[in-house]
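Below is one structure, written out as structure tokens, with a few remarks after it.
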Number of protein chains: 2
Amino acid sequence: MDIKNQLKALNNSARMQILEWLKKPDANFPPHESGLTFENGVCVAYIQEKAGISQSTTSQYMSILHQAGFVLPTRIGKWTYYKRDEEKISQFMQALNGIMTISGEIK
Amino acid sequence: MDIKNQLKALNNSARMQILEWLKKPDANFPPHESGLTFENGVCVAYIQEKAGISQSTTSQYMSILHQAGFVLPTRIGKWTYYKRDEEKISQFMQALNGIMTISGEIK
DNA sequence: TCAACATATCGCGATTTGTCAATATGTTGA
DNA sequence: TCAACATATTGACAAATCGCGATATGTTGA
């Protein structure tokens, strides 16, 4: 919600990369063994494996991204799937743009 | 230059505010006693006073903003003036936008 | 050349962040 | 109900950052 925490969330290579990977789940992750599509996003285990970080760190990072409003979790059975919240991401970029630039517009 | 350091530079309220103040120097700072306009930006002492932080911290913050490419220093006599580098700021926003959004465009 | 001044750099303790292993919570299938 | 499993939370410690005072550097006017 507040831009300070959103910038903080982005201030980490792994979290940044995760957000990028989630742009195209099918290009970056294997299909879910459960047969589920990526409609609700990607499960934590896959993100962890791809990022090469521990399970606890991965879970924590996803929580930070969630608090920042960048991702949405969906719990299905014992899995939690995370997907990007495009609307919030877009709102963040607009807000940052307003703060950073004079015109408030990308040239 | 690299977006990681630029995000790091923004990850601090004081630095963020300084960048905003420098959008409109004449609205945020008194005229320079030297009679100089804000063409080259604002001297460190004024920034320090407005931000309410120590001289050393102010100098360091300006250095961080400079390394990030967000401001340009001009030394005139014993004073250093800093102004925004609009071009670099714009480039940064474009780059971040490309990384953060799917389309690479602000909607 | 020297004193006064503006800014930069250094060194430090305090706080925050990174990242993990261990453990807790919640879910499913047997 | 229980064992296996996916994820979340906790506790710990190293590394990075914050922000200061002290000091160094560079500039000007006397």
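Letters A, B, ... are given to chains in the order of the sequence lines, protein chains preceding strands, and every chain is numbered from 1. Just so we're clear, the structure is a prediction, and the values are computed from it rather than from any experiment.
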Residue mapping more 5' on DNA chain C - nearest nucleotide basis, A:S56 or A:K78
A:S56
Please confirm whether the shortest side-chain N or O distance from [X] to OP1 or OP2 of [N] is below 4.0 Å.
{"X": "A:Y61", "N": "C:dT19", "answer": "yes"}
{"X": "A:S54", "N": "C:dA21", "answer": "no"}
{"X": "B:N12", "N": "D:dT17", "answer": "no"}
{"X": "B:Y82", "N": "C:dA8", "answer": "yes"}
{"X": "A:R75", "N": "D:dA8", "answer": "no"}

Separation of atom [atom1] in [X] from atom [atom2] in [N], rounded to whole Å:
{"X": "A:E33", "N": "D:dA4", "atom1": "CD", "atom2": "C1'", "answer": "15 Å"}
{"X": "B:Q17", "N": "D:dG19", "atom1": "CD", "atom2": "P", "answer": "13 Å"}
{"X": "B:I53", "N": "C:dT7", "atom1": "CD1", "atom2": "C1'", "answer": "14 Å"}
{"X": "A:Q48", "N": "D:dA8", "atom1": "CD", "atom2": "P", "answer": "11 Å"}
{"X": "B:H32", "N": "C:dT7", "atom1": "NE2", "atom2": "C1'", "answer": "13 Å"}
{"X": "B:I76", "N": "D:dG26", "atom1": "CD1", "atom2": "P", "answer": "19 Å"}
{"X": "A:N11", "N": "C:dT19", "atom1": "CG", "atom2": "P", "answer": "12 Å"}
{"X": "B:I18", "N": "D:dG19", "atom1": "CD1", "atom2": "P", "answer": "11 Å"}

Could you tell me how the ring of B:F29 sits relative to the ring of B:Y46: parallel (under 30°), tilted (30 to 60°) or perpendicular (over 60°)?
parallel
Can you list the steps and then say if A:V42 with A:K83 is a side chain to side chain contact (heavy atoms under 4.5 Å, CB included)?
CA-CA 6 Å; A:V42 180; A:K83 69 172 174 182; over 6 Å; no
Can you tell me the Watson-Crick or wobble partner of [N], both distances under 3.5 angstrom?
{"N": "D:dA14", "answer": "C:dT17"}
{"N": "C:dA8", "answer": "D:dT23"}
{"N": "D:dA30", "answer": "C:dT1"}

So A:S34 and A:Y81, side chain to side chain contact (heavy atoms under 4.5 Å, CB included) or not? Walk me through it.
CA-CA 12 Å; A:S34 58; A:Y81 301 91; 3.6 Å; yes
Whether the side chain of B:N11 engages the backbone of A:K8 through a donor-acceptor N/O pair (distance < 3.5 Å, no angle test) should be reported.
yes
Ring centroid separation A:F70 to A:F92 under 6.0 Å:
yes
Need one value for B:Y81: base, sugar-phosphate or nothing, where a base atom within 4.0 Å counts as base even if backbone is also close, heavy atoms only.
nothing
Closest to the [X] side chain: [options]?
{"X": "A:S59", "options": "D:dA6, D:dA8, D:dT27", "result": "D:dA8"}
{"X": "B:Q60", "options": "D:dC20, C:dC20, D:dT17", "result": "D:dC20"}
{"X": "B:V44", "options": "C:dA8, C:dA21, C:dG18", "result": "C:dA8"}
{"X": "A:T57", "options": "D:dG19, C:dC20, D:dA8", "result": "C:dC20"}

Judged by nearest nucleotide, the residue sitting upstream toward the 5' end of DNA chain D, B:Q55 or A:Y46, is A:Y46
Can you find a heavy atom in the side chain of A:R15 that is under 4.5 Å from one in the side chain of A:L10?
no
